[in-house]
Amino acid sequence: MRPTIADKRRDFRALHDSGCFVVPNPWDVGSAIYLQSLGFKALATTSSGFAWSCGRPDASMSRDEVLAHLQAIVAATDLPVNADFESGYAGDAAAVAESVQLAVETGVAGLSIEDATGDPARPLYDLDTAVARLRAARRAIDRQGGDALLVARAECFLVGRPDLDETLARLQAYANAGADCLYAPGITSREHIAALVAGVAPRPLNLLVGSTSELTLRDIAELGVRRVSVGGALARSAWGGFMQAAQVLAEQGRFDGFANAASGRVLDNFFRADKASRSGA
């Protein structure tokens, strides 16, 4: 019997209580199903990966498009799904609450809200506004049972304000506003990671590892990080292989780029077996 939404949310919350786990980011139904087969405990959507699959740049998808994507990913997997919900697809707190309510209704086990505005002249919401937006998101989740996880993201390092003190102050304010898990993409050094882990404790910290790193998962766990996500890195890896093969074909008339391609028979058999298991065959 497939797990219920309540089961997924309970399992997802329990994952954050101790240890360290990886939550990889699929960009479509097929990649979600494959990641589940590898034994991961949870998944997270990627706004960039989804946008690229639609021929669009990151942060260009509408709320309705994202909600439909969330529904599809949740339905495709038995794992808990955390939604990359960008900045809530709204400016003011009341509109954020409305968006969060709709996201929770898709069945996600958690969702992240950023403090980025999308305006280069004013890249981050001021702290009072950012906190009000998080509180509105918290209330929206609580009105629907409170079992979905709220993740708060401080985007300082991604928008050209690599200030650890500001980042930590924002994360602590978001924790006080009701965030269950804290996240500061762009943090990479051991010293910064350890400082944030200590600064937001006892709440869990999510670490983004979106490129090659000298840190292993064991290193990251020893620093006290509870969960690790990869953002659009898996989607970029897939695009990298596709682009290289296509460019060699277009520019050199060669087929060398297909050397590492997955077998069509293997893929067919994999998805055939997955479909059969879901139908009870």
Side-chain angles (χ1 to χ4, degrees), residues 23-28 32 43-74 81-127 129-138 140-141 148-161 167 170-171 174 177-187 206-208 210 227 229-236:
V23 53
N25 303 71
W27 59 94
D28 62 8
L43 304 176
T45 62
T46 161
S47 62
S48 59
F50 173 47
W52 299 328
S53 74
C54 297
R56 309 257 287 277
D58 191 14
S60 68
M61 306 302 290
S62 71
R63 185 178 73 177
D64 286 348
E65 289 170 323
V66 169
L67 291 171
H69 176 62
L70 295 178
Q71 274 191 315
I73 299 296
V74 168
V81 175
N82 192 95
D84 178 352
F85 210 50
E86 299 192 60
S87 296
Y89 301 90
D92 64 87
V96 169
E98 177 186 287
S99 291
V100 168
Q101 176 182 334
L102 294 171
V104 173
E105 289 172 355
T106 68
V108 295
L111 60 90
S112 59
I113 298 291
E114 304 170 7
D115 57 8
T117 65
D119 178 1
R122 185 178 60 93
L124 298 177
Y125 286 102
D126 66 79
L127 187 56
T129 300
V131 166
R133 287 161 44 83
L134 259 296
R135 286 180 175 149
R138 177 78 267 165
I141 290 173
L149 208 75
L150 177 60
V151 183
R153 291 177 43 148
E155 302 290 291
C156 307
F157 276 69
L158 291 190
V159 300
R161 283 164 56 169
T167 299
R170 282 179 173 266
L171 293 182
Y174 302 159
D180 299 297
C181 179
L182 290 312
Y183 184 3
I187 296 292
N206 181 96
L207 179 68
L208 172 67
R227 80 179 205 187
S229 58
V230 299
L234 286 172
R236 288 188 287 105

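To the nearest 0.5 Å, the span separating CG on D64 from CG on L102 amounts to 8.0 Å. Atom CZ of R153 is separated from atom CD1 of I113 by 10.0 Å, given to the nearest 0.5 angstrom. The CE atom of M61 sits 11.5 Å away from the OG atom of S48 when rounded to the nearest 0.5 Å. For the atom pair D92 CG and T129 OG1, the distance stands at 10.0 Å (nearest 0.5 Å). A distance of 8.5 Å separates CD1 of I187 from CG of L207, quoted to the nearest 0.5 Å. Distance OG1/T46 to CG/N25: 5.5 Å, rounded to 0.5 Å.
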- Message: Would L111 and L70 count as a side chain to side chain contact (heavy atoms under 4.5 Å, CB included) here? Give the steps.
- Response: CA-CA 10 Å; L111 60 90; L70 295 178; over 6 Å; no

- Task: Step by step, work out the side chain to side chain contact (heavy atoms under 4.5 Å, CB included) result for Y174 and L127.
- Result: CA-CA 9 Å; Y174 302 159; L127 187 56; 4.0 Å; yes

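A 4.5 Å side-chain heavy-atom check between N82 and T45 finds every atom pair outside the cut-off. Residues C156 and L124 meet the side-chain proximity criterion, which asks for heavy atoms closer than 4.5 Å. Between D180 and R138, the closest side-chain pair of non-hydrogen atoms falls below 4.5 Å. Put simply, the side chain of L67 reaches to within 4.5 Å of the side chain of F85, judged on heavy atoms.
Of all non-hydrogen atoms in Y89 and D84, the two that sit nearest each other are OH-O, 4.3 Å. Smallest separation of non-hydrogen atoms from G118 and P120: O-CD, 3.5 Å. Of all heavy-atom pairs between A97 and A136, the closest is CB-O, 3.7 Å. Listed here is the closest heavy atom pair of L208 and P185: CD2-CB, 3.8 Å. Among all heavy-atom pairs drawn from G91 and R133, the shortest one is O-NH1, 3.0 Å. Considering every non-hydrogen atom in both R56 and S62, the closest pair reads NH2-N, 4.3 Å.
Side chain of R236 to backbone of G210: a donor-acceptor contact under 3.5 angstrom is found. Under the 3.5 Å distance criterion, the side-chain polar atoms of R170 are left unmatched by any main-chain donor or acceptor of A154. A side-chain donor-acceptor contact under 3.5 Å links S87 to the backbone of A116.
A ring-ring contact (aromatic ring centres under 6.0 Å, His included) check over residues 94-120, counting only residues at least two apart or in different chains, returns nothing.
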